[in-house]
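Predicted model, so just to flag it, every value in this text is computed and none were measured. FYI, side chains are in, hydrogens and waters are out, and symmetry mates aren't considered; it's all heavy atoms of this structure. Residues take their numbers from the sequence shown, with the count starting at 1.
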Amino acid sequence: MRVLNLSTTAALYGVLSATLAGSQIVVPTIQGFQPTIDDWKAARAKADAFVGKLTLDEKLAMVRGNASAGFCSGTIAAIERLDFPGVCMEDGPNGVNYNDKVNVFPSGVTVAATWDTEFMYQRGLALGAEFRDKGINVMLGPVGGPLGRSPYDGRTWEGFSPDPYLTGLAMQATIQGVQENGVQTTAKHFIGNEQETQRSNTTLSNGTQVAAISSNIGDRALHELYLWPFANAVKAGTSAVMCSYNRLNETYACENSDALISILKTELGFEGYVVSDWGATHSAAPSANGGLDLEMPGYTGTTEVSTWFIPYLPQAIADGSVSIDRLDDMVGRIMTPYYLLNQDAGHLTPDESMIYMLLVATNGLPGAEQLSSLVGVPWQNIAARDVRGIHGAIIREIGAEATVLLKNEGSILPLGSYNEIGVFGSSAADFVDGLAYWDMGIDYGPQIGPIAVGGGSGSVRFTTVSAPLDAIKAQASTKGARVQYLTNNTAIAANDITFYPVPEICIVFISQFATEASDRDSLLASDNSTAVVENVASLCNNTIVVINAPGPLVLPWVENPNVKAILAAHFPGDQIGNSIVDVLWGNTEPSGRLPYTIPAKTSDPDIIPVVREPGPDGWQSTFTEGLFIDYRAYDANRSEPAYEFGFGLGYTTFNITGELAARTTAFNPTATPANSAIAPGGNPSLWDEIVSVKATILNVGKATGKAVPQLYLEFPESSPEGTPVRVLRGFAKLQLDPGKEGDVQFSLMRRDLSYWDIHEQQWVIPTGAFTVNVGFSSRDLRASTQVTVLK
């Protein structure tokens, strides 16, 4: 986060209100690409002109995938007579999937743990550059669904946080960074995709079709939780939105007109296109009329996989069940971002190695050679286009900044001078099975090797990796220290440790893998981790535990007196070792904060499980908790987590000095937004600042460090039943030297101060006083004040 003068405009919030002359105010500074309404209109005019030149067959080809026409996981075929080169789509949200010479970026949950929109933007900027340089038009990401209703969900690590405000800003910053490169983003998965178990329909051995899980979500929870980040995505100008596999309130998401037309395209004013998840369509006319614009993957070269538009849409057009106007709108929406991002002005052709890398990654080299002829691609060993650039530096920095220091007894970190260091754990070593790609459904991850990314479409093949053990050995050598190591968890769990002498410091790496297509079975770290930690701690009274995991884990050994420090490092990408060394030795302060709550035990009633078996009415997941997920549930039930949302230690301490200054900045605001024309993101007045809050942060410690002040809002008593105790509505990050202070300004928009009225079908600001709390976690609130918005 940068420190700005008062004339600066913050792209995420609009123009700041005036404050005291000479003050230094910390605000988000995302300056990435964000199209205006006029930009969208101009692009749509070009798209409509293109549509006017197409034949009916060409229009039909534009709204369905054709993987045989390109090298990508999703392809719209070229139309040579119009010099249209086609569109290449590729996963994923954490790097270019199925490719060589690309970087593995920190996962969504990792960058969310930085609580820094500048890092979110810089990660998006670097991601977009790699997709652009590979010749890819569309990045299939970022992820706002799953939001993270259940920590058991196998894909929460691809997204950011179960808090919609934090996830919304992360979505917005990522999209602005990616699209600044002229690469389209696809906000996914819309909507209610909150578990992997039975996420899509299945077929029993007797041929019976079993419907996908139905996420049954109330209107208020839908708007205030699961839709919230997608509103940020549309506001930021995302090119596409991907509809999900699951059913929403009994209707498949890719044909749910309430979600796609009434909410996404009408209420949020989305001008781009809706693309199906791969194989997520279940009809032709109902899907097209329900708001789906593009079906993927379509024709694959050997078979039509879960496709409806190819065989049935032509007949639907012929018999009038889908109108030509609707077909034209589908194509127009698909082409609008193509012109919006100037992809017609020249875009690199896709890297030809991509098709071969896809075959190698999923079938191994011998299998790839055999399969290549079957898919009509003669085998070649083409060198990949290297797109990594200098992105390793930002990956390393984010990985370190995102590390959350949960425990640091005796200020054991940063490490001082030690002669004997022990490193333990199977996830500390380099890969023993080579540079890996972890496909969906492979739920065990690498048996030995760093857990730096999850599996499935969000996974990325490692070109290089900085293994923790290698990085620690390199760092120790500069200090004249020796490193003993044991990376066999079975041996450690059996207490078969033959170190001599006993290390002065023991660093234990534990982990849990997670992947698309399956949910986590446990909230305990994998591979005998509890025994590993306890056995090392019984040997070494200065034990440090480093956790690489997709989200919350229960830590049964947290009170062990020999466990002096705990670091949650999430999935930090291919610089994993270098990042953790930067933290351990104090080159970077661990200024990460938890973007979720860590439960005290697996039986905590505030943990929402996934549905693992069908009920009497089939696969149903009814969101009876409403708005009470993660810290909102703990607050409502007055439960004690192990570590609360927003928590994190550093190498210094901070306080809030003076009183909070909260004031309304809008003149005589009304309870409901003005009746304005809808723009991308919804009613424009929802994004207007209504209240400004200023806090002064003081470094009361003895070291330079980064504070992460957080604003939590308590709604007035007039708010309807089911309103959370408090909700996150602001955060910032600022670096301060010892004894120095800095001001932070929080801008509360109309949406931040409103609840969704299910009767009025409108955002409403309640009457009465709001309580504004500022502190350093959801449970560490240092200052509060009240502000009344409606006079």
Side-chain angles (χ1 to χ4, degrees), residues 396 399-400 403-430 432 448-450 465-511 529 531-548 557-569 572 575-590 649-652 701-705:
R396 178 173 181 167
T403 301
V404 182
L405 181 60
L406 299 175
K407 184 177 181 181
N408 192 22
E409 289 192 0
S411 298
I412 192 172
L413 293 178
L415 292 176
S417 178
Y418 295 98
N419 294 319
E420 296 287 344
I421 299 171
V423 176
F424 298 83
S426 58
S427 56
D430 202 348
V432 297
I448 294 181
V465 66
S466 166
L469 175 58
D470 293 342
I472 290 171
K473 288 164 69 175
Q475 175 69 17
S477 69
T478 67
K479 307 293 185 181
R482 179 172 65 164
V483 176
Q484 301 181 69
Y485 53 92
L486 180 54
T487 58
N488 183 328
N489 274 22
T490 301
I492 303 169
N495 225 358
D496 186 14
I497 302 172
T498 57
F499 284 17
Y500 185 84
V502 174
E504 300 164 272
I505 287 286
C506 294
I507 307 169
V508 184
F509 288 83
I510 64 171
S511 60
S529 67
V532 166
V533 172
E534 290 175 344
N535 286 346
V536 173
S538 68
L539 167 79
C540 184
N541 60 7
N542 286 321
T543 296
I544 299 166
V545 180
V546 180
I547 306 166
N548 293 116
W557 36 262
V558 68
E559 300 296 338
N560 189 311
N562 287 348
V563 175
K564 297 295 176 57
I566 305 172
L567 292 161
Q575 291 294 311
I576 178 173
N578 289 331
S579 293
I580 201 64
V581 159
D582 286 344
V583 170
L584 290 172
W585 271 271
N587 299 324
T588 302
E589 183 197 28
L649 303 173
Y651 293 156
T652 189
K702 297 181 179 180
T704 298

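By the 4.0 Å N-to-carboxylate-O rule, Glu420 lies close enough to Arg482 to be salt-bridged with it.
Val502 and Leu539 get closest at one heavy-atom pair: CG1-O, 3.6 Å.
No donor-acceptor pair closer than 3.5 Å links the side chain of Asp582 to the backbone N or O of Thr588. Put simply, the side chain of Asn535 gets close to the backbone of Ile492: a donor and an acceptor are under 3.5 Å apart. No donor-acceptor pair under 3.5 Å is formed between the side chain of Glu589 and the backbone N or O of Gly705. Put simply, the side chain of Lys407 gets close to the backbone of Val558: a donor and an acceptor are under 3.5 Å apart. A donor-acceptor contact shorter than 3.5 Å is absent between the side chain of Ser466 and the backbone of Ile576. Under the 3.5 Å distance criterion, the side-chain polar atoms of Ser511 are left unmatched by any main-chain donor or acceptor of Ser427.
Crowding of Tyr485 atom OH: a count of heavy atoms from other residues, nucleotides or ligands under 6.0 Å not exceeding 12.
Rounding to the nearest 0.5 Å gives a distance of 7.0 Å between CZ of Phe499 and SG of Cys506.
Checked against side chain to side chain donor-acceptor pair (under 3.5 Å), Ser538 has no partners two or more places apart in sequence or in another chain.
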Distance-only check: which donor-acceptor pairs under 3.5 Å involve side-chain atoms of residues 469-480, not counting sequence neighbours?
| from | atom 1 | to | atom 2 | distance (Å) |
| --- | --- | --- | --- | --- |
| Ser477 | OG | Ala474 | O | 2.6 |
| Thr478 | OG1 | Gln475 | O | 2.5 |

